[in-house]
Amino acid sequence: TSLPLLHPDHRQPTLIASYQKLRADWRELTLEMQRLEEENNRIFIDAYGLQDELTPEVPLNEITLTCNPHYRYGGDKRESELEALLLADTLRELVSYAVGCMFGRYSLDKPGLILANQGETLADYLAQVPQPSFPADDDNVIPLLDGDWFPDDITLRFRQFLRVAFGDAHYEDNLPFIEQALNVKSKRNYGLRDYFLGEFYADHVKRYKKRPIYWLFSSPKGSFNALIYMHRYRPDTVSVVLKYLRDYREKLATEKERQAAVSINPASSQGEKTKALKEVDRLAKVLTELEDYERDTLYPLATEQVQMLGGVQVLEEP
């Protein structure tokens with residue numbers, strides 16, 4: 001019905017304090033479960049006279065709760081490693097929930113699932129959540145790009161989610177806390193966008209057992225990516241993705257022209273000219289990739305007007 005990290009019982013002024021409260025409750029729950037299991041063992045040992053054969057003790061790694069890192073991750077990891085893994089997974093769940101709010105699957109203003117049936121629309125969402133504090137995306141397409149090229153880019157929208165869910169006052173503390181927790185491999189200059197571009201969708205596919213509910217459109221080298229929500233899919237959804245692709249190509253073409261102007265501007269330093277020429281070359285390759293992707297994949301799909309009937313794709317002639 002709600003994300004544990006956002007539950008009123010755990011909410012604190014900052015995200016880190018909220019997690020610490022949640023972690024303390026999880027630790028208490030795990031120890032209570034361990035105590036109950038050991039109590040049960042004592043009862044059965046006493047009842048059957050097995051004092052010489054069995055002991056009542058239950059190791060922490062046998063307390064089968066997912067909030068118990070000793071069970072969840074196992075092995076011979078140090079306590080610090082277990083805590084880092086649990087923190088990272090908890091914040092991945094926060095990100096996943098936030099993306100659900102972006103698509104209207106969830107809402108910060110109402111518990112439980114909101115849109116979770118095939119064919120539901122934004123109107124269905126607004127019927128349940130008339131004045132959302134964090135609105136669902138209007139066209140069911142959320143781009144994942146290397147910058148804030150669109151106002152509904154996934155990284156930009158997550159930042160907005162964080163401000164709404166935890167307030168503006170501690171935003172500058174909350175965002176680095178998330179980025180540091182997600183950076184389990186200690187990469188340099190790692191940020192939220194790196195997670196979305198490099199890890200989010202793999203995490204999503206794993207979370208939903210290879211049956212993802214958010215579908216990823218991605219060009220061959222990943223220069224263009226966009227997510228859609230399966231339950232809000234319509235026959236014209238791919239056409240909306242195509243429009244994003246074309247708009248993105250126009251933006252990149254404009255940027256390529258700007259960089260070309262810098263490269264020949266007498267006022268530019270040699271370093272600036274060299275950097276601009278490299279960017280012109282890079283953007284030219286990206287534009288070629290996107291043109292090929294539109295011609296070979298996205299445009300043909302858009303013209304097919306694929307329908308969804310009972311989870312089965314049905315093709316119509318254009």
Do R35 and E32 sit within salt-bridge range, that is, some charged N less than 4.0 Å from a carboxylate O? yes

Quick check: is F44 connected to M33 through a chain of hydrophobic side chains (ILVMFWY, heavy atoms under 4.5 Å apart)? no

When you look at OH of Y190, are more than 12 heavy atoms from neighbouring residues, nucleotides or ligands closer to it than 6.0 Å? yes

Salt-bridge test for K21 and D25: reply yes if a basic N is under 4.0 Å from a carboxylate O, no otherwise. yes

Does a donor on one side chain and an acceptor on the other come within less than 3.5 Å for D139 and Y244? yes

Treat each ILVMFWY residue as a node, draw an edge where side-chain heavy atoms are under 4.5 Å apart, and state whether L156 and F161 are in one component. no

Salt bridge or not for R282 and E279, using N-O below 4.0 Å? yes

Do the numbers put R193 on top of the ring of F158, so that NZ or CZ is under 6.0 Å from the six-membered ring centre and no more than 45° off the axis? no

Working to the nearest 0.5 angstrom, can you tell me the gap between N225 CG and D153 CG? 10.0 Å

Donor-acceptor contact below 3.5 Å, side chain S263 vs main chain A260: yes

Does atom NZ (K275) have a neighbourhood of more than 12 heavy atoms from anything else shown, all under 6.0 Å? no

Are the charged groups of R92 and D89 less than 4.0 angstrom apart, N to O? yes

Between D46 and R42, does at least one N-O distance fall below 4.0 Å, as a salt bridge requires? no

Starting at CG of L298, measure out to CG of L245 and round the result to the nearest 0.5 Å. 5.5 Å

Cationic N near anionic O, under 4.0 Å, D203 to K206: no

Checking R11 against F166: charged group under 6.0 Å from the ring centre and within 45 degrees of the axis? yes

Between K185 and D194, is there a salt bridge with N-O shorter than 4.0 Å? no

